[in-house]
Amino acid sequence: MPESAFKPWLESPLHRFALGDEAEPRRADSRAWGNEAPNLGYALLRGDGAEAGFLELTARITGLEPPRRPKALSQGEGGALLWLSPDEWLLISSRQRLAAWLPALERGFAERRVFAQALDVSGGFTAVYLCGEPHLAVLRHLGAYDFEALRAGQGVGTLLGKAVVQVLRLDGDGVFVVCRRSFADYVWLLLRRAARPYGFAVCELPEDAGHPLWAQLAQPALAAVLSEST
């Protein structure tokens, strides 16, 4: 097959719902609003949270200090880094940044003989953004966690229905529900159904380059990541 015949493209797990066609500017009303934050980059970092070499190298390359307590979340220009366990973290950034960061982390771990790993899992996850006045009530219908207790700068792993998710609160406006790709349809439809009594609408995603995750959506064409890796 001629090399020019291969045309890679990147589709988010929820692309079949055509959310862009439904999206409208968010308004201050009593509805819940949501949308997919598509095609972000995800990586699992594994290492000893008490090892200075691991902490220093991760912070230097990513600009994000690995949190060292449950629910803690670091965020900055390059994305967000969530504590999962004493030796595991979830890194969310753009796929372009991960393509540079992860090899640099692996080289650094090897050079310093740090027992650690950086694994790209971007193909296995997506995130749904949920906001609006009743967004916490919507979550409360679906999970047993006390979501009102989740403060800005925190994230927690929990169940929504039958799906394992990570709920991240980066600010006071809304939450990101990170789920596995195979559960994306289920989680999206579950949230929409739970929000029905309050009213639900698909919101346009903000273009705030200063936000840790919205900024990652504003990077160059994501299809280029696939092209460069082929």
Exercise. Does CD belonging to Glu207 count more than 12 external heavy atoms closer than 6.0 Å?
Worked result: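 Result for CD/Glu207: open.
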For this session: Run through the side-chain heavy atoms of Ile, Leu, Val, Met, Phe, Trp and Tyr, join any pair under 4.5 Å, and report what else lands in Phe109's cluster.
Result: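 So far as hydrophobic clustering goes, Phe109 is joined with Leu45, Phe54, Leu55, Leu57, Ile61, Leu64, Leu81, Trp83, Trp89, Leu91, Leu98, Trp101, Leu102, Leu105, Val114.
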Look only at the side chain of [X] and the backbone of [Y], and say whether a donor-acceptor pair between them is shorter than 3.5 Å.
| X | Y | value |
| --- | --- | --- |
| Arg169 | Gly155 | no |
| Glu51 | Gly47 | no |
| Ser122 | Tyr42 | yes |
| Ser93 | Gly41 | no |
| Glu36 | Tyr129 | no |

For this session: Applying side chain to side chain contact (heavy atoms under 4.5 Å, CB included), run through Arg16 and Asp185 and close with a yes or a no.
Result: CA-CA 9 Å; Arg16 73 179 185 88; Asp185 285 20; 2.9 Å; yes
Check: residues 188-204 side-chain donor-acceptor pairs under 3.5 Å, at least two apart:
| residue | atom | partner | partner atom | Å |
| --- | --- | --- | --- | --- |
| Arg192 | NH1 | Glu22 | OE2 | 3.4 |
| Arg192 | NH2 | Glu22 | OE1 | 3.3 |
| Tyr198 | OH | His141 | NE2 | 2.7 |

For this session: Report the residue from Arg26, His211, His135 that forms a side chain to side chain donor-acceptor pair (under 3.5 Å) with Asp173.
Result: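 Only match with Asp173 under side chain to side chain donor-acceptor pair (under 3.5 Å): Arg26.
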For this session: Quick one: do Leu84 and Leu82 satisfy side chain to side chain contact (heavy atoms under 4.5 Å, CB included)? Show the steps, please.
Result: CA-CA 6 Å; Leu84 297 180; Leu82 174 68; 4.0 Å; yes
Exercise. Atom CD of Gln75 and atom CG of Leu168: how far apart are they, to the nearest 0.5 Å?
Worked result: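 So the gap between those two atoms works out to 9.0 Å.
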Exercise. Tell me, which pairs form a ring pair (Phe, Tyr, Trp, His ring centres under 6.0 Å) where one or both residues lie in residues 145-174, sequence neighbours left out?
Worked result: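 Listed by first then second residue: Tyr145-Phe147.
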Exercise. Does any non-hydrogen side-chain atom of Leu10 lie less than 4.5 Å from one of His15?
Worked result: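 With C-beta onward as the side chain, the pair stays apart.
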